[in-house]
Amino acid sequence: MIRSYRSPLLFLDIDGPLIPFGGAGYPAYPDPADTGGNPLLERLDPALGPRLASLPCELVWATTWMADANPLVGRRLGLPELPVLDLPEPSGPEPEGLHWKTRSVVAWADGRPFVWVDDEITSEDRAWVAAHHPGRALLHRVDPRTGLTGEDFGVLGGWLRGVEQGRGAAVVSGGCHARRRQQSPAQGRGTAMLSTDYRDGSPNWLDLGTPDIDGAAGFYRGLFGWDYEPGGQEVGGYGMFRLGGKTVAGGMTVTPEQGPSAWTVYFRTSDLDATAAAVREAGGAVAFEPMDVLDLGRMAVFTDPAGVAFAAWQPGRHKGLDEVTAVGTLCWTELYTPDVAAAAAFYRAVFGWEVAGMPFEGGTYTMVKPAGAPDEEAFGGLVPIAADPVEDTERPYWTPYFEVADCDATAARVEESGGKVRLTPVSMDGVGRFAKAADPFGARFAVITSAPAPGA
């Protein structure tokens, strides 16, 4: 490969990203040419080679395999001979909590844009790279139990293509992550925020459907400090997530046959039957017909014309979430949709939402708010899913954002607790620092440490 300054580097570890470990039942890919070698090499999936070679970057081994990386690993993957990063021998804990490879990676990059793929990257490494590397960088941690997945390749490919096109990631204050030039999560949020003074059309509830409610409760307890209180038979076991005694979400068991694990956002309505009729008239569908929930209120679940699930809640005795916007609670929502204009028209017809375009460098972020509400009561955005390389265009969805005190620390806890960081933390002026994640059962959500309000 020709070493061009414009070509980003990709520093690649082997143990973890290419040879998974820590799990069970790995498929074997024996190589007849290898006799008596390392048995772990049989876990190398040959299909990874073409996927790595297709990335718009220069590959560099950054592994303890050192000189053996090319003949033992690269050959099996069908890769050409790659440069090998000269790594020092590990000699105990690094100062500042750094990984022992971090300084060598930055020194080799010498200002060039780079990706570092490893299973041991931490927030300390990201902060150090941000302070010491003048170019763009993405430090991407891979789950060693699975190795590189299609979702990982989506993140890597999107970031690298963005660098090539001049719209990718930039090293930003507090970390080394993707500053998106295309449509960005919470791009135009500014001082807008949710409130428990619910209006028709505003989000007033959300719940989690998961195949393992006990496992999910443990995950979110560790992440946000939530307690889970299961419900009785009269509500089908539907339970409440609470924070400091206040209800912040609902939760229930959903079998795989009933659907994938997901968060569902509910919007307030004063007339659920009229809302259901409006959904049908606007081209959506009613998945669960309006029903009474004791004397608490009425609910129904719908899908929009793109197939995205959402719900509505008509309050009775239960008005909605007890708290929003505070740390550990819902603070923003976003719809990832194939057609922003069509989605805006649909939800306007159903809930009367008002839509405003917030211009930013490279595009416009579409914000939504209840009819007649001031701009400060905007509660979400509509994002073209095709513009975000992290997202699967076949799976449009509503995602909740939860406020956290430290986005990087929360992202680290996601992976430590068995979840997946889908977008590593990103900083954005006037918005804050945010990341996208999925819990251990696949439910997608986002977290954000919001920027202080002007004058605060």
Check this for me: [X], atom [atom1], are more than 12 non-hydrogen atoms of other residues, nucleotides or ligands nearer than 6.0 Å?
X      : atom1 : answer
Lys319 : NZ    : yes
Glu394 : CD    : no
Glu281 : CD    : no

Where is the tightest heavy-atom contact between [X] and [Y], given as atom of each residue plus distance?
X      : Y      : result
Val421 : Ala411 : CG2-O, 3.3 Å
Gly97  : Thr122 : O-OG1, 4.3 Å
Ala343 : Leu335 : CB-CD2, 3.8 Å
Cys331 : Ile448 : SG-CG2, 3.5 Å
Val355 : Ala344 : CG2-CB, 4.0 Å
Ser261 : Leu208 : OG-CD1, 4.3 Å

Donor-acceptor side-chain pairing of Glu377 and Ser195 below 3.5 angstrom: no
Are the side chain of [X] and the backbone N or O of [Y] linked by a donor-acceptor pair below 3.5 Å?
X      : Y      : result
Gln314 : Leu272 : yes
Arg280 : Val286 : no
Glu391 : Ala386 : no
Thr449 : Gly432 : no
Tyr401 : Phe434 : no

Hey, what do you get for [atom1] ([X]) to [atom2] ([Y]), rounding to the nearest 0.5 Å?
X      : Y      : atom1 : atom2 : answer
Glu58  : Arg112 : CD    : CZ    : 5.0 Å
Thr253 : Ile213 : OG1   : CD1   : 5.5 Å
Thr325 : Phe379 : OG1   : CZ    : 13.0 Å
Trp128 : His99  : CH2   : NE2   : 13.5 Å
Arg422 : Phe445 : CZ    : CZ    : 10.0 Å
Met299 : Thr269 : CE    : OG1   : 13.0 Å

Non-neighbouring partners of [X] that pass side chain to side chain donor-acceptor pair (under 3.5 Å), sequence neighbours left out:
X      : answer
Thr149 : Asp152
Asp200 : Arg268, Ser270
Thr63  : none

From CA spacing to verdict: side chain to side chain contact (heavy atoms under 4.5 Å, CB included), Phe346, Val279: CA-CA 8 Å; Phe346 170 80; Val279 166; 4.2 Å; yes
Stepwise salt bridge (charged side-chain N to carboxylate O under 4.0 Å, His left out) test for Asp125 and Arg141: CA-CA 11 Å; Asp125 300 308; Arg141 181 182 179 276; over 6 Å; no
Hey, are the side chains of [X] and [Y] touching, using non-hydrogen atoms and a 4.5 Å cut-off?
X      : Y      : value
Leu138 : Leu156 : yes
Leu48  : Phe153 : yes
Phe241 : Val248 : yes
Leu321 : Thr196 : no
Arg221 : Asp227 : yes
Thr424 : Arg126 : yes
Pro315 : Asn204 : yes
Val324 : Tyr198 : yes

Side chain to side chain contact (heavy atoms under 4.5 Å, CB included) between Asp273 and Arg298, worked out: CA-CA 10 Å; Asp273 294 314; Arg298 305 185 73 217; 3.2 Å; yes
Audit row: His318, Val293, side chain to side chain contact (heavy atoms under 4.5 Å, CB included) steps and yes/no: CA-CA 10 Å; His318 179 70; Val293 184; over 6 Å; no
Step-by-step side chain to side chain contact (heavy atoms under 4.5 Å, CB included) determination, Val414 to Leu223: CA-CA 7 Å; Val414 166; Leu223 203 63; 3.6 Å; yes
Result of checking Val117, Val73, Val142 against Leu18 for side-chain contact (heavy atoms from CB on, under 4.5 Å): Val73
Ring centres under 6.0 angstrom apart (Trp398, Phe267): yes
Aromatic contact, His133 with Trp116 (centres under 6.0 Å): no
Ring pair (Phe, Tyr, Trp, His ring centres under 6.0 Å) involving Phe441 - partner list, sequence neighbours excluded: none
Listed partners of Phe402 passing ring pair (Phe, Tyr, Trp, His ring centres under 6.0 Å), at least two apart: Phe224, Trp226, Trp263
Full working for salt bridge (charged side-chain N to carboxylate O under 4.0 Å, His left out) between Lys101 and Asp118: CA-CA 10 Å; Lys101 298 179 186 177; Asp118 205 293; 2.9 Å; yes
Pairing of Asp388 and Lys436 as salt bridge, 4.0 angstrom limit: yes
Stepwise salt bridge (charged side-chain N to carboxylate O under 4.0 Å, His left out) test for Lys369 and Glu376: CA-CA 9 Å; Lys369 64 178 182 177; Glu376 291 75 19; over 6 Å; no
Test log, rule salt bridge (charged side-chain N to carboxylate O under 4.0 Å, His left out), inputs Arg433 and Asp408: CA-CA 8 Å; Arg433 189 163 176 80; Asp408 290 84; 2.6 Å; yes
Check residues 19-27 and write down every donor-acceptor pair under 3.5 Å in which the side-chain atom is one partner and the other belongs to a residue at least two apart or another chain.
from	atom 1	to	atom 2	distance (Å)
Tyr26	OH	Phe21	O	3.4
Tyr26	OH	Gly23	N	2.8
Tyr26	OH	Arg145	O	2.8

Positive for ring pair (Phe, Tyr, Trp, His ring centres under 6.0 Å) with Phe310, one of Tyr397, Tyr266, Trp205, Tyr347: Tyr347
